[in-house]
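For reference, the structure discussed in these notes is given below.
These values consider heavy atoms only, across backbone and side chains, with no hydrogens, waters or symmetry-generated copies. Just so we're on the same page: letters track the sequence lines, and every chain starts at 1.
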Amino acid sequence: MIGRDRAWAGSFIREVRRDPLVQLLSPREQTRLLLIMSALGLLLWGALTWQVGMPVWGATTMVLGLLLVPGGLKWRADLRRHGVTIMILSVILTMQGFHSVEHLAQWVQYHILHWQPQRSSGLISAANAEWVHFIWNWGVVGIVVLLMLRGVRNRWAWLLLGWSVAHTMEHTYMLVRYLQLKQELGLLGVPQISAQGLPGILGRDGLLSTNPTLMRICGRVPGITTISRIDVHFWWNTGETLLLAAAAHRFLVSQATRE
Amino acid sequence: MARLRKTYLLLLVAAAVALLVANSTWPHRLSAASVPTRQPLSGADRTVPAAVLGARLGSGTPCTGNFERHALPYTTTNGSAPIRMFNSNGSGLAVDDLDGDGDEDVVLANLAGPNAILWNEGGLTFRKQSLAHGDSRAVNIVDVDGDGKQDILFSRHTLSPTLWRNMGRGRFVEDVLPGVEGKVYATNWADMDADGDLDLVAGAYDAGLEKDLGYNFMFTRSGGGLYLYENQAGQFGYNKLSERAEALALALPDLDGDGQPEIMVGNDFDVPDQTWRRSDDSWSQITPFRKTTHSTMSFDLGDIDNDGVQEVFASDMKPYDQDVRTLAQWRPMMAQMPHQPFKGDRQVMENVLQVRGDDGTYHNEAYNRYVDATGWSWSAKFGDLDRDGFLDLYVVNGMIANDLFHYLPGGELVEQNQALRNDGQAHFKPALEWGLGSTASGRGMSTADMDNDGDLDIIVNNLSKSAELFENRLCGGSGLLVDLRQSASPNTRAIGARLTLHTGTGSYLRDVRVASGYLSGDPSRVHFGIPNGATVHSLEVRWPDGAVTTVENVPANHLLTVTR
């Protein structure tokens, strides 16, 4: 199976001689459908949020559902043309791209629109930032492991694995604290109060900063104990996206070279 | 091609790292908010003689390595039950020697009950004398009329301040300050116009006035804002600097080193703090700080690194512990009164420590130096509590407000006061072993040597619980107390003077001020801690007009009275 995937990857590279990542992510024959769905989605998003008063996360989820139609067709074509591994790479790169948009939205809400940190929860995460990011990041770890098992093993992939595991550990710590805080709020008789937005391990007021010795040591690295939670996760995600792109690029190039 | 791609990737990573560095708070960017140093007043550096009297201090009780708590015979009460905003803000206190017997006395403000003087009768015993009506907030002990006797000023909740004129022999007569009609909350005194006498700076707490006196009142002459009352031979001239204030704290530091004080107003809620500077007989606003506290409760100044420049500390509300139980107590309240940042907002919801760089700019170092979070903080003051030559920090905290904390028993956020020890590098660490973690909901607080043994004791005016005195029984070091007197000036206690004690282990800077912290008056007697083994070389006194007196052969463990 893996051998067949490699052969398909080779055919992919032969097919697209220039910039394999761009070619991999290109919607190709689904371009028109994607544009139509995007336009429809934007209209629907505006109507649902402004006219109907639907929460942003709900409207965004519906738009993403619409975009899944051309996306699904494109990925089916990838599977048929290039095999499972390339298709997974195509899916994860696209999804991670959308996840980056989510973090960018948080960054804009916090730094440009000057919203409160708790309110700067992006487009979908407003539903529940802790669960959304916890599930997504464990999903990324799982997919990275799967990709490595299927042959995407280069130094960028190893770095990506380490990075994504560390990122996920932070989200796991934050989810545990979130659940503990939720329980405490319940005990105080105010379960309706949001428990989201606690600091994690890194960043301002994070676990590292609560220990003076660790603070002194880690504080030498710029931002590690000082930047906000929103910035911490913006950079976690940026790093993850860059490493994923590098690992995919390297894999595709190496397959072409082998062919 | 492959090399090009590698270069492209490397560039991407480098750009990401550069953005991360640019986005971080390290290293500190000092481009904004500078306070240019100005020329000192004319007459500065003129050397003037002064008479020096010394009295040896007592040895006090044996040291135990901690503070011993004493309940004082006084409780600040409030008229409403349960306690609601803004009675929850409590009242202040002040410390000074009112009868000239050498012992520091305490004056405490009350909300529902009468204010009181606790006369210090030695041995940490006190005799209580009630002063009519409470309804008071800040307390200042200051020689308003320049007769050499310390008077008492109370700011009142919904009335103009009340002056208790010191007639001598422990007798006080109630009076008013002529021309002072503002319903003010925080008050402070200094020679603001360089004419030799003391002027009053006063800020209103608009939210409280509006709640109690109505919205229309805010448009009257005395309806809120920030006032400067210039003393003109006993009459106070009216000068309204700002129409709006939520002043919980006022400090009068000399930020630019020109010998003239600026005005710093610490505002509650979303109203940004303000700093005013006098220039050509008029006052204008300046912005010396890149970051300020959001709900400013308290200001204090102190040279925490002994570099000859005072740092500025402002307290705010931020839990001192990040454990979920503590955070759960804060969350619902924070949901009710969130910080809504606006474009260009400099406010942060945590304590700030303004440290001045070599280029004259201030930057907030509270987080890096571990003083950003001290709970729902009220009065916060520096003092060399352990006499190691470095200023420590004490912060009283807690909150009782049924409308804010209805989900907590008694509507009370119970917190431990925070004692933070300066480690000698101007970083702070909790000093739990000092036994200063009272949970009695402190508001006003001041430090003074109450038993004349050369160390700083602490007095706290709690809300609805007995006031407390924490007797300093820490071991090590010695102390020096200094009283300044200006016999030919209406500013008899030399408010605004700066004192530098030069020792073999460093030079320690102090200043004489009327008030700091939250609603709390400071003693005009200045305290220096002297580390074990340090040799004292000299004491340099820079008087409020810039003239200098140097006292050589300064003995430790003495109370010096320096009279010009």
Side-chain angles (χ1 to χ4, degrees), chain A residues 18-19 21 107 110-119 156 176-190 192-195 197-199 204-207 209-210 212 215-216 219-228 231 234-235 238-239 241-243 245-246 249-250 253 257, chain B residues 1-2 5-6 8-10 12-13 15-28 318-336 338-345 348-350 367-370 372-373 405-409 423 425 427-430:
Chain A
R18 290 180 308 153
D19 220 341
L21 273 184
W107 196 90
Y110 182 65
H111 288 291
I112 310 290
L113 301 176
H114 303 288
W115 291 8
Q116 278 180 270
Q118 266 105 345
R119 223 182 123 209
W156 297 112
V176 169
R177 296 243 305 159
Y178 160 73
L179 293 172
Q180 287 174 336
L181 181 58
K182 202 169 163 55
Q183 188 180 22
E184 286 292 334
L185 289 167
L187 290 173
L188 287 175
V190 281
Q192 73 280 10
I193 299 295
S194 169
L198 291 178
R204 198 167 187 86
D205 297 322
L207 183 65
S209 74
T210 57
M215 173 95 163
R216 284 247 174 133
R220 293 172 198 278
V221 183
I224 208 99
T225 57
T226 53
I227 60 176
S228 70
D231 289 331
F234 177 81
W235 290 112
T238 303
T241 306
L242 287 173
L243 289 171
H249 177 88
R250 187 77 203 149
V253 169
T257 311
Chain B
M1 194 65 182
R5 284 192 190 117
K6 269 187 180 174
Y8 174 65
L9 269 176
L10 273 171
L12 268 180
V13 173
V17 171
L19 272 170
L20 178 64
V21 171
N23 199 37
S24 73
T25 58
W26 182 93
H28 300 284
K318 182 180 177 183
Y320 51 73
D321 208 329
Q322 287 288 319
D323 72 274
V324 287
R325 191 158 292 174
T326 305
L327 295 177
Q329 296 185 334
W330 280 72
R331 271 286 164 128
M333 179 278 301
M334 297 303 280
Q336 278 184 66
H339 175 203
Q340 300 283 11
F342 48 86
K343 194 179 176 190
D345 193 1
V348 289
M349 215 165 197
E350 57 187 40
Y367 184 79
N368 297 340
R369 295 176 191 249
Y370 261 84
D372 60 307
F405 291 102
H406 56 88
Y407 52 92
L408 295 179
D423 66 0
Q425 317 252 315
H427 286 72
F428 293 83
K429 287 181 179 161

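With a 4.5 Å cut-off on non-hydrogen atoms, A/Ser209 touches chain B through its backbone and its side chain both. Contacts between A/Pro199 and chain B at a heavy-atom distance below 4.5 Å involve the side chain alone, from C-beta outward. Only the side chain of B/Tyr370 comes within contact range of chain A, with at least one heavy atom under 4.5 Å from a heavy atom of that chain. Heavy-atom distances place the side chain of B/Asp372, and not its backbone, under 4.5 Å from chain A.
Taking all atoms of both residues into account, the shortest heavy-atom contact from B/Val324 to A/Arg177 is CG1-O, 3.7 Å. Minimum interatomic distance between B/Leu327 and A/Leu198 (heavy atoms only, all atoms of both residues): CD1-CD2, 3.5 Å. Across A/Leu185 and B/Ala328, no two heavy atoms sit closer than the pair CD2-O, 3.6 Å. Of all heavy-atom pairs between A/Leu188 and B/Leu408, the closest is CD2-CD2, 3.9 Å. Across all their heavy atoms, B/Ala335 and A/Ile193 have their closest contact at CB-CD1, 4.3 Å.
B/Arg369 pairs by the side-chain hydrogen bond (donor to acceptor under 3.5 Å, both in side chains) definition with B/Glu365, not counting sequence neighbours. Here A/Thr210 pairs with nothing under the side-chain hydrogen bond (donor to acceptor under 3.5 Å, both in side chains) rule; sequence neighbours left out.
When atom types are taken as modelled, the side chain of B/Arg331 and the backbone of A/Ser194 share a donor-acceptor pair closer than 3.5 angstrom.
Of the listed residues (B/Lys318, B/His427, B/Gln329, B/Lys429), the one with the most heavy-atom contacts under 4.5 Å to chain A is B/His427.
Using a 4.5 Å heavy-atom threshold, the side chains of B/Glu350 and A/Arg204 count as touching.
Crowding of A/Gln183 atom CD: a count of heavy atoms from other residues, nucleotides or ligands under 6.0 Å not exceeding 12.
Between the side chains of B/Tyr367 and A/Thr225, no donor-acceptor pair of N or O atoms lies under 3.5 Å.
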